[in-house]
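Everything quoted here is computed from the prediction, not taken from an experiment.
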Amino acid sequence: MSGKWTNYRTVIYRSPVPGSQLLIELRGNGQTPLFSFGYPYQNSPLEGLRFLSEDTQAVQEIAVTASANWEIELLPDAFLWNQQIDAGNVPQAGEFMIFSANGMSFVGSEKNPIARGAGDLRVYNACHSPCSEETTTWIFELGPGCSDAPRLSIREVGSDLFQRTIRPTKSEAGKDFVEVSLQNYDWLEVLTPCQWSAKPTSN
């Protein structure tokens, strides 16, 4: 893979088979892992999305350990955005972007008040104008039967790193949910193998 990694910015991975596992390692010289991700055996199908732009500068090869019919896509810069535009799907006023194994979707308007998916995702907290300049609170609810608590990391404006981490709490109904407030233009990364729903609300 030497010399090619700068062409890729996103990896999407899926397995429709319960009880499968996946480990993806991006390696530099001397087989040194620079970045790794994936999940061990799960009782449900697995999928997810990771952005690679921060992690590919020194990558020389990719090593994949997998079982049970994995599909892995490496995508170039801006591919997910261009895919939506080419399909005629543009954001409406007040909508935000969510990146997941389903690609890119828009959420936050009356037409699209909530987004649903599975696996790792990222939120870009910049709403399509006209919209409020206030802080946005995102509410995530995890599907039933998911024992893996997600890790939420926030990359604030002006930072290159995901720094703050937030963990979920239990609702009265016994479901895991997360409520997190973001400033405009923050990025939120949610790492979880679970089914999820996401809803933005203005403070």
Determine, using the 4.5 Å side-chain heavy-atom cutoff (strictly less than), whether [X] and [Y] are members of one ILVMFWY cluster.
| X | Y | result |
| --- | --- | --- |
| Ile72 | Leu26 | yes |
| Trp70 | Val64 | yes |
| Phe106 | Ile114 | no |
| Trp187 | Trp81 | yes |

Counting distance only, does the side-chain N/O of [X] pair as donor-acceptor with the main-chain N or O of [Y] below 3.5 Å?
| X | Y | value |
| --- | --- | --- |
| Asn125 | Gln183 | yes |
| Tyr39 | Thr192 | yes |
| Trp196 | Ala115 | no |
| Arg14 | Ala101 | yes |
| Gln84 | Met104 | yes |

Minimum heavy-atom distance [X]-[Y], with the two atoms named:
| X | Y | result |
| --- | --- | --- |
| Pro16 | Asn69 | CD-O, 3.6 Å |
| Leu46 | Pro193 | CD2-CB, 3.4 Å |
| Glu25 | Ser36 | CG-CB, 3.8 Å |
| Ser100 | Leu121 | CB-CB, 4.2 Å |
| Leu52 | Phe35 | CD2-CE2, 4.3 Å |
| Ser109 | Glu95 | OG-OE2, 2.6 Å |

Practice problem: Might you work through the side chain to side chain contact (heavy atoms under 4.5 Å, CB included) test for Arg116 and Asn102, ending with a clear yes or no? | Solution: CA-CA 10 Å; Arg116 290 182 172 84; Asn102 295 326; over 6 Å; no

[atom1]-[atom2] distance between [X] and [Y], expressed to the nearest 0.5 angstrom:
| X | Y | atom1 | atom2 | result |
| --- | --- | --- | --- | --- |
| Leu152 | Trp138 | CG | CH2 | 12.0 Å |
| Cys127 | Gln92 | SG | CD | 12.0 Å |
| Ile12 | Leu75 | CD1 | CG | 5.0 Å |
| Thr137 | Lys199 | OG1 | NZ | 12.0 Å |
| Glu179 | Thr201 | CD | OG1 | 6.5 Å |
| Gln60 | Arg27 | CD | CZ | 12.5 Å |

Practice problem: Would you sort out whether Val178 and Val190 count as a side chain to side chain contact (heavy atoms under 4.5 Å, CB included), showing the intermediate values? | Solution: CA-CA 10 Å; Val178 180; Val190 181; over 6 Å; no

Quiz item: Taking the six-membered ring for Trp, are Tyr124 and Tyr185 parallel (under 30°), tilted (30 to 60°) or perpendicular (over 60°)?
Solution: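 Ring orientation of Tyr124 relative to Tyr185: tilted.
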
Quiz item: Looking only at side chains, do Ser153 and Glu189 share a donor and an acceptor under 3.5 Å apart?
Solution: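 There is no such pair between these side chains.
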
Is any side-chain heavy atom of [X] closer than 4.5 Å to a side-chain heavy atom of [Y]?
| X | Y | value |
| --- | --- | --- |
| Thr10 | Phe79 | no |
| Phe37 | Val11 | yes |
| Phe162 | Leu191 | no |

Quiz item: Hey, mind stepping through Ser67 and Ser20 against side-chain hydrogen bond (donor to acceptor under 3.5 Å, both in side chains) and telling me if it holds?
Solution: CA-CA 6 Å; Ser67 61; Ser20 60; 5.3 Å; no

